[in-house]
Amino acid sequence: RDPVDGKFVPRKAVGFELDLMTRLRFGPNEGLIGAVIADPRGLIVPDVLTESRFVEHPISNDVRSMLLVPLSAAGQLIGVLSVDKLVPNGFTNTDLVVLSTLADQAAVAIENARLFEESQRRLQDQSLLYEAGQAISATLEYRQVLETVTHQVERATNAQFVIIQE
């Protein structure tokens, strides 16, 4: 999800160039993805040419049928998984059940990976804060304290410029 506007954005694609999909951003009730966001249930689209919610895009000109399922973890919708075929009526109810089962497992794995990365970032932040505190406390010399503080702030924030004004 985009942290600014909360819309769902493509994160991984097979068969499509991900870079060409950057404009495909969906909120609730925006396109077929938005339909699943608004009502998190699987959706079979037998023929996109007869589906008013289908959002046309140059990369999907040949798509004819779609199957979309929610990615939910711990009761929260974290994404939508969609698969496409170049023929109409390409998906069955059995496909829907299979993809829904895979999506449930995938959502747990995706959420676990996200939580792991978040915990790693927090651990790194805590380590930086600890090291910064240790370095800042290591001297009482005024100029050295200012030098250490600006260096530690630069390191912690990846800033190009740090200014202390007194």
| query | CZ of Arg155 to CD of Glu131: how many Å apart, nearest 0.5 Å? | reply | 4.5 Å
| query | Could you go step by step and tell me if Arg114 and Glu111 meet the salt bridge (charged side-chain N to carboxylate O under 4.0 Å, His left out) rule? | reply | CA-CA 5 Å; Arg114 186 178 304 158; Glu111 188 62 16; 3.4 Å; yes
| said: Let me check something: do Leu71 and Val97 share a hydrophobic cluster, defined by ILVMFWY side-chain heavy atoms less than 4.5 Å apart, either directly or through other members? | reply: no
| task | Give, for atom OG1 of Thr101 and atom CG of Leu96, the distance between the pair rounded to the nearest 0.5 Å. | result | 9.0 Å
| Roughly how far, to the nearest 0.5 Å, is CG of Leu99 from OG1 of Thr94? | 12.5 Å
| Given the rule that I, L, V, M, F, W and Y join up when any side-chain heavy atoms are under 4.5 Å apart, are Met21 and Val63 in one cluster? | yes
| field | Donor-acceptor contact below 3.5 Å, side chain Thr139 vs main chain Val145 | value | no
| remark: For Gly42 and Pro70 the tightest heavy-atom approach is N-CD, 3.9 Å
| said: Are Val80 and Val55 connected into the same hydrophobic cluster when the rule is that any two of I, L, V, M, F, W, Y join if their side-chain heavy atoms are below 4.5 Å apart? | reply: yes
| said: Do Leu43 and Val48 sit in one hydrophobic cluster, given that two such residues count as connected whenever their side-chain heavy atoms are within less than 4.5 Å of each other, even indirectly? | reply: yes
| field | Closest non-hydrogen atom pair between Asp2 and Arg25, with its separation | value | OD2-NH2, 2.8 Å
| Is any side-chain heavy atom of Glu17 closer than 4.5 Å to a side-chain heavy atom of Ile59? | no
| message | Would you compute the distance between atom CD of Gln152 and atom CG of Leu129 and round it to the nearest 0.5 angstrom? | response | 10.0 Å
| request: Can you establish whether the number of heavy atoms outside Ile164 located under 6.0 Å from its atom CD1 is more than 12? | output: yes
| field | Separation of Leu86 CG from Asp62 CG (nearest 0.5 Å) | value | 6.0 Å
| task | Could you tell me the separation between the CZ atom of Arg41 and the CG atom of Leu68, rounded to the nearest 0.5 Å? | result | 13.5 Å
| field | Side-chain touch Lys7/Phe26, heavy atoms, less than 4.5 angstrom | value | no
| request: Write down the atom of Ser82, the atom of Met66, and the distance for their closest heavy-atom approach. | output: CB-CE, 4.3 Å
| request: For Leu123, look at atom CG and say whether over 12 heavy atoms of other residues, nucleotides or ligands are found less than 6.0 Å away. | output: yes
| said: To check you understand the geometry: which heavy-atom pair defines the closest contact between Val87 and Ser65, and what is its length? | reply: O-OG, 2.7 Å
| With a 3.5 Å cut-off and no angle check, do the side chains of Asp95 and Thr92 form a donor-acceptor pair? | yes
| What's the shortest heavy-atom distance between Ala38 and Asn29, and which atoms? | CB-OD1, 3.3 Å
| task | Go through the steps to decide whether Arg143 and Glu147 satisfy the test salt bridge (charged side-chain N to carboxylate O under 4.0 Å, His left out), and finish with yes or no. | result | CA-CA 6 Å; Arg143 290 196 180 280; Glu147 180 66 30; over 6 Å; no
| CD of Gln120: more than 12 outside heavy atoms within 6.0 angstrom? | yes
| request: For side-chain hydrogen bond (donor to acceptor under 3.5 Å, both in side chains), just list the numbers for Thr150 and Glu154, CA-CA rounded to whole Å, side-chain angles, deciding distance to a tenth of an Å, and then say yes or no. | output: CA-CA 6 Å; Thr150 55; Glu154 176 188 28; over 6 Å; no
| query | Distance-only, no hydrogens or angles: does the Ser137 side chain make a donor-acceptor pair with backbone N or O of Gln134 under 3.5 Å? | reply | no
| said: A side-chain contact here means heavy atoms from C-beta on lying under 4.5 Å apart; do Phe8 and Ile37 qualify? | reply: yes
| Which pair of heavy atoms, one from Ile78 and one from Ala107, lies closest together, and at what distance? | CD1-O, 3.6 Å
| Val9 reachable from Leu32 in the ILVMFWY side-chain graph, under 4.5 Å edges | no
| task | For residues Val45 and Arg53, determine if any side-chain heavy atom of one lies less than 4.5 Å from a side-chain heavy atom of the other. | result | no
| Does the side chain of Ser60 come under 3.5 Å of the side chain of Glu56 through a donor N or O and an acceptor N or O? | no
